[in-house]
Amino acid sequence: VGTAKDRVRVTDAAAATASLDVDVLPAAPSGLAADGSYGGPKDIRLTWTDNSSSEGGFSIERKEGAGAYAFLAATAAGAVSYVDTNLVPNVGYSYRLRSFSGALYSPYSNEAFDVPNN
């Protein structure tokens with residue numbers, strides 16, 4: 001996990017070999033944290049650890065209160081922070097993210113929660 005391609009080589013009983021390049025999922029980000037005291041009263045800053053060298057970027061999802069997660073934004077490869085703006089003060093928001101490479105997605109990060117302006 002964490003590299004763009006791996007080469008698989010198979011050898012049968014007659015010593016014939018075949019090789020195949022396969023796409024590998026990027027490694028999941030970790031350590032997601034949300035900081036509602038960052039910036040203004042309508043901002044939450046997200047930070048995380050990038051554990052992959054092959055992602056195309058990160059897909060961030062957000063839910064408000066007990067609602068369902070929905071896509072929020074995609075970042076560039078190598079990003080380790082994002083600021084969510086124009087939020088409702090004193091409402092709780094939860095976040096999760098995953099790295100992607102083309103159509104392949106890593107498992108989700110941990111979830112992080114905070115309230116803007118707290």
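We're numbering straight along the sequence, starting at 1.
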Distance-only donor-acceptor pairs under 3.5 Å for side chains of residues 67-81, two or more places apart:
| unit_1 | atom_1 | unit_2 | atom_2 | d |
| --- | --- | --- | --- | --- |
| Y69 | OH | E111 | OE1 | 3.1 |
| T75 | OG1 | F58 | N | 3.3 |

Any donor-acceptor pair under 3.5 Å from S101 side chain to P26 backbone: no
D35 side chain vs R45 backbone, donor-acceptor pair below 3.5 Å: no
Joint cluster assignment, [X] & [Y], ILVMFWY side-chain distance < 4.5 Å:
{"X": "Y108", "Y": "L104", "result": "no"}
{"X": "L97", "Y": "Y82", "result": "yes"}
{"X": "L32", "Y": "I60", "result": "yes"}
{"X": "Y93", "Y": "W48", "result": "yes"}

Results of side-chain contact (heavy atoms from CB on, under 4.5 Å) for N86 - residues two or more places apart only: none
Results of side-chain contact (heavy atoms from CB on, under 4.5 Å) for A34 - residues two or more places apart only: I44, L46, Y95, A112, D114
R98: partners by side chain to side chain donor-acceptor pair (under 3.5 Å), with sequence neighbours left out: none
With S59 via side chain to side chain donor-acceptor pair (under 3.5 Å) - residues at least two apart: none
Over all atoms of both residues, closest heavy-atom pair of S99 and A27: OG-O, 2.7 Å
S94 to F113 - nearest heavy-atom pair and separation: OG-CD1, 3.4 Å
Within-4.5 Å side-chain heavy-atom neighbours: K42 and P116: no
Y105: hydrophobic cluster co-members (side-chain, 4.5 Å): F100
